[in-house]
Amino acid sequence: MTAHVPAELPPFGPGRHLLSVQQFDRESLHRLFDLADLVRPIAQRKSICTVLDGAVLGSLFFEPSTRTRLSFESAFLRLGGEVTTTTGFTFSSMAKGESIADTSRVVSGYSDALVVRHPDEGSVAEFAAASVVPVINAGDGAGEHPSQALLDFYTLRSELERRDKAVDGCTIAIVGDLKYGRTVHSLMKLLSLAEGVTFRMFSPPSLELPPEIAQYARARGHRVFDTDSVPDALTGADVVYATRVQRERMTEEVLANANVSGNLVNRQILAEAGASEIIIMHPLPRDSRLDSFDLSSDVDQLPGLSIFRQTDNGVLIRMAIFLTALGCSPDAVKATTKQRPWDATLRWP
Ligand code: ASP
């Protein structure tokens, strides 16, 4: 899975593309999280910021998306920028045979940053190679989804802190489609920046974790265990990270082999494993159709459910990504932030 990421990606910073979580080290990760903390009141609409006044985002989504596209776009808008957007192949000139390189060069000439989602692994790196502005990978096929991993790590850290624990030394059960679930690949690599993490993996047959991802974590001193069932994966876990079966990425044959039906994680499975209090995470969307083999909505009243804190945090993290790529310092943010002049009913706690 890592083969399509250029080997020598520079650290993420001003004027740089964000293609992989491998562009972070521990220090730059925490710097990004500090920026996310700083912009929380802006994300919550308690104050308004114009630091990106005049900047234009080109948002190119060639694959279905709800929260990733809208949270990237609202992040840019909340910082005072403007957004232009195109979704799907049908309404873009790619339907006329235009190459990724041509599309990217053209659109980057209209924008100050691009956010790109595309169904082919490695394709966002191709966009980056032809772009004259920073390109943010919003998901390239089964490859990577760096902004999701960043918000997952950020959320996991705060959920664990509320329980007087830390990401260092935690145990995480990652269950579901581990092969095509790009969020798992990015998250395991990013969590490898922590120390002494134990990963307990469960997937149906044919949907196993690519060996190079386990190898990546093990090479950095973490423990990765394959388990036979969700209850087995939950043994000793602080958190369960459940993922959707990525049906759109697999052949009928692979899907038939995987033999997926029923629920992946539900209230009863958690209760039987003694894990009713566990932190529950999911990148979303969860597949709520009958027998979809996903996280059941019967867990929604459990105290550890963190899936909507993940989505809320997605805005902060994506704001921090733009601030970094466009070279805005914390001081520049503070200097361009003021109290909102209108009265709003705040929805956030
Ligand atoms: N939203 C996530 C992604 O784009 C997870 C999913 O689609 O299952 O990868």
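Ligands are counted one by one from 1 in listed order, and the atoms in each one are counted from 1 as well. Computed over heavy atoms, backbone and side chain alike; hydrogens, waters and symmetry mates excluded.
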Heavy-atom gap Q246 to ligand 1 smaller than 4.0 Å: yes

Option set R244, R182, H145, criterion heavy-atom distance to atom 7 (O) of ligand 1, minimum: R244

Q148 to ligand 1, any heavy atom closer than 4.0 Å: no

S292 versus D294, side-chain donor and acceptor atoms under 3.5 Å: no

T183, any N or O under 3.5 Å of ligand 1 N or O: no

Sub-3.5 Å N/O-N/O distance, E248 and ligand 1: no

Atom indices of ligand 1, in the order listed, that fall short of 4.0 Å to a heavy atom of R117: 4 (O)

Transitive ILVMFWY side-chain link F225 to L209, under 4.5 Å: no

Steps toward salt bridge (charged side-chain N to carboxylate O under 4.0 Å, His left out) verdict (R249, E121): CA-CA 11 Å; R249 303 200 193 287; E121 204 172 322; over 6 Å; no

Close-contact set for ligand 1 against P285 heavy atoms, below 4.0 Å: 1 (N), 6 (C), 7 (O)

Under 4.0 Å to a heavy atom of L284 - the qualifying atoms of ligand 1, by number: 1 (N), 2 (C), 5 (C), 6 (C)

Mode of T68 contact toward ligand 1 - side chain, backbone, both, neither (heavy atoms, under 4.0 Å): neither

Six-ring centre of F61, R117 cation under 6.0 angstrom, axis tolerance 45°: no

Over-ring placement of R220 relative to Y216, 6.0 Å and 45° cut-offs: yes

hydrophobic_cluster_shared for L270 and I307, side chain cutoff 4.5 Å: yes

Exercise: do S186 and E144 side chains pair donor with acceptor under 3.5 Å: yes

N/O separation below 3.5 Å, P283 to ligand 1: no

